[in-house]
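As C-alpha cells, the structure follows; a few thoughts come after it.
FYI, side chains are in, hydrogens and waters are out, and symmetry mates aren't considered; it's all heavy atoms of this structure. None of these values were measured; they are calculated from a predicted model.
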Amino acid sequence: MKRFKLTVAYDGTNYCGWQIQPNGITVEEVLNTHLSELLKEDIHIIGASRTDSGVHAYGNVAVFDSETRIPGEKISYALNQRLPKDIVIQKSEQVADDFHPRYCDTRKTYEYQIYNAEFENPLFSRYSHFVGRPMDIEKMQEAASYIVGEHDFASFCASKGQQKTTVREIYELNICREGNLVKLRIKGNGFLYNMVRIIAGTLMHVGTGLYKPEDVKVIIEAKDRSKAGPTAPAKGLRLIEIEYF
C-alpha cells in the first residue's frame with residue numbers, strides 16, 4: 001500500500017463544500033468516486049482543509065492510499081480526464097506512508113476578494129463580494145495590524161466551531177487594491193470555523209467607516225463573536241496555498 005498526495009484546485013460554486021454530507025454533492029465525494037473508478041479500488045481521500053460551501057481553492061491538499069502501480073506524478077493526468085471542469089488536480093505525487101495533511105505543521109494562505117465600485121460587475125460576481133460604498137484601504141491595513149500575531153480569536157469564530165483552543169497565530173495580513181478589486185491575503189498557522197470570512201467582514205466595516213481601525217483591538221480582546229463584523233459571503237474566499245514544514 002502506498003500513499004499519494006494531491007494538490008487540488010476547484011471552483012466551489014456548485015459544491016456543498018469539501019467534506020461529504022447528505023444534503024448535496026461535495027468535492028471530496030467527486031474525488032472519491034473518480035479515483036475509485038480509475039484505480040479499481042475503494043478510495044477515501046483525507047483532505048487538509050474542509051472548505052465551506054461555495055468557497056474556492058487554488059491549492060487544497062488531499063491524500064489517499066492505494067495499491068496502484070501508476071506512478072504518483074501520472075495520477076493527475078489520468079484523473080483530470082475524468083473530473084468535471086471545475087475540479088482540477090494541479091499535482092500528484094507519492095509521499096511517506098505516515099504523511100497526514102491535517103496533522104503536520106503548516107502555514108495556510110487564504111485570500112478574500114471584494115469588488116468595490118459604484119455598480120456590480122457580472123464578470124466578477126462569481127468570485128468576489130460586491131461592496132458599493134467607498135472603502136479606505138489604509139484604514140483597513142491599519143486595522144489588520146492588530147490581527148497579526150498570536151491571539152485568542154474567539155471573537156472571529158462561528159458558533160459551530162469545535163476546536164480545542166481558539167488561539168491562532170497570523171503571520172501576515174495584507175490588503176491591496178487592483179482597480180476595483182480589493183484583496184485581503186492572510187497567512188496563519190491555522191484558522192477557526194469561518195474565521196477568515198469574519199475577519200473580512202470586520203475589515204470591510206472598517207473600510208466603509210462603520211468601525212474605527214482601533215476597534216479591532218477591542219474586538220479581539222472581547223473574545224465575543226457578537227462584537228465582530230458579519231461573516232462575509234463564501235464566494236469571495238479562496239484557499240491559496242498550504243505549506244508543509
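With a 4.5 Å cut-off on side-chain heavy atoms, Ile199 and Ile147 count as touching. For the pair Tyr244 and Phe99, the minimum side-chain heavy-atom distance is below 4.5 Å. Between Arg168 and His151 there is no side-chain heavy-atom pair separated by less than 4.5 Å. For the pair Ser49/Lys108, a side-chain contact is recorded, criterion being any heavy-atom separation below 4.5 Å from C-beta on. Taking the side chain as every heavy atom from C-beta outward, Thr109 and Ile242 never approach each other to under 4.5 Å. By the 4.5 Å heavy-atom criterion applied to side chains, Ser125 and Glu120 are counted as neighbours. Within the 4.5 Å cutoff, no side-chain heavy atoms of Leu237 are placed close to those of Thr51.
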When you look at Leu239 and Tyr58, which way does the side-chain contact (heavy atoms from CB on, under 4.5 Å) test go after all the steps? CA-CA 6 Å; Leu239 171 60; Tyr58 285 160; over 6 Å; no
Kindly indicate, with the supporting measurements, whether the criterion side-chain contact (heavy atoms from CB on, under 4.5 Å) is fulfilled by His56 and Thr13. CA-CA 7 Å; His56 317 292; Thr13 304; 3.5 Å; yes
Stepwise side-chain contact (heavy atoms from CB on, under 4.5 Å) test for Tyr112 and Ile186: CA-CA 8 Å; Tyr112 197 89; Ile186 184 169; over 6 Å; no
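Two different hydrophobic clusters hold Met195 and Val167 under the rule that ILVMFWY side chains link at heavy-atom gaps under 4.5 Å. Residues Val218 and Phe153 do not share a hydrophobic cluster, clusters being chains of Ile/Leu/Val/Met/Phe/Trp/Tyr side chains in contact below 4.5 Å. In the hydrophobic clustering of this structure, Val55 does not group with Tyr193; members are Ile, Leu, Val, Met, Phe, Trp, Tyr whose side-chain heavy atoms approach within less than 4.5 Å, directly or through other members. Side-chain heavy atoms closer than 4.5 Å link hydrophobic residues (I, L, V, M, F, W, Y) into clusters, and following such links, possibly through other members, connects Met204 to Val148.
Contact between Ser66 and Glu41 at its shortest, heavy atoms only, is OG-OE2, 2.6 Å. The two atoms that bring Ser155 and Ile198 nearest to each other are O-CG2, 4.2 Å, heavy atoms only. Smallest separation of non-hydrogen atoms from Met140 and Leu203: CG-O, 3.4 Å. Between Lys235 and Arg126, the shortest heavy-atom contact is CB-O, 3.7 Å. Of all heavy-atom pairs spanning His100 and Cys104, the tightest one is O-SG, 3.1 Å. Across Glu37 and Arg82, no two heavy atoms sit closer than the pair CB-NH1, 3.8 Å.
Taking a 4.5 Å side-chain heavy-atom cut-off between Ile, Leu, Val, Met, Phe, Trp and Tyr, the cluster of Tyr77 contains only that residue. Hydrophobic cluster membership of Phe64, counting Ile, Leu, Val, Met, Phe, Trp and Tyr whose side-chain heavy atoms lie under 4.5 Å apart directly or via other members: Phe4, Leu6, Val8, Tyr10, Tyr15, Trp18, Ile25, Val27, Val30, Leu31, Leu35, Leu38, Leu39, Ile43, Ile45, Ile70, Ile75, Leu79, Leu83, Ile87, Ile89. Counting side-chain heavy-atom gaps under 4.5 Å among Ile, Leu, Val, Met, Phe, Trp and Tyr, the cluster of Phe124 also holds Tyr115, Leu123, Phe130, Leu181.
Residue Lys40 holds its NZ atom at 10.5 Å from OG1 of Thr68, rounded to the nearest 0.5 Å. Taken to the nearest 0.5 Å, the CD atom of Glu214 stands 9.0 Å off from the NZ atom of Lys139. Rounded to the nearest 0.5 Å, atoms CG (Leu184) and CD (Gln113) are 10.5 Å apart. A distance of 4.5 Å separates CZ of Arg185 from CD of Glu111, quoted to the nearest 0.5 Å. Distance check: Thr26 OG1 to Gln21 CD gives 6.5 Å after rounding to the nearest 0.5 Å. Atom CD of Glu241 and atom OG1 of Thr106 lie 11.0 Å apart (nearest 0.5 Å).
Judged purely by atom type and a 3.5 angstrom limit, Gln141 uses its side chain to pair as donor or acceptor with the backbone of Ile175. Proximity of a side-chain donor or acceptor of Asn60 to a complementary backbone N or O of Ala57 within less than 3.5 Å is not detected. In this structure a side-chain-to-backbone donor-acceptor pair under 3.5 Å is present from Asn80 to Ser76. Under the 3.5 Å distance criterion, the side-chain polar atoms of Ser128 are left unmatched by any main-chain donor or acceptor of Ile114. Lys183 places no side-chain N or O within donor-acceptor distance of the main-chain N or O of Arg177, the cut-off being under 3.5 Å. Side-chain atoms of Glu93 do not come within 3.5 Å of backbone N or O of Glu73 as any donor-acceptor pair.
With Phe156 as reference, Ile219 is the one residue of Leu192, Val196, Ile219 to meet the side chain to side chain contact (heavy atoms under 4.5 Å, CB included) rule.
If you check the side chains of Arg133 and Asn116, you find no donor sitting under 3.5 Å from an acceptor. With no hydrogens or angles considered, no side-chain donor-acceptor pair links Arg238 and Tyr110 at under 3.5 Å. In the model, Thr231 has no side-chain atom that pairs as donor or acceptor with a side-chain atom of Asn194 under 3.5 Å. Side chains of Arg197 and Thr202: a donor-acceptor N/O pair is absent below 3.5 angstrom, by distance only.
Arg3 has a carboxylate O that lies under 4.0 Å from a charged side-chain N of Asp65, or vice versa, which qualifies the two as a salt bridge.
For the pair Arg107 and Phe245, the cation sits on the ring face: its NZ or CZ lies under 6.0 Å from the ring centre, inside 45° of the axis.
The environment of NZ in Lys74 is sparse: at most 12 heavy-atom neighbours from other residues, nucleotides or ligands sit within 6.0 Å.
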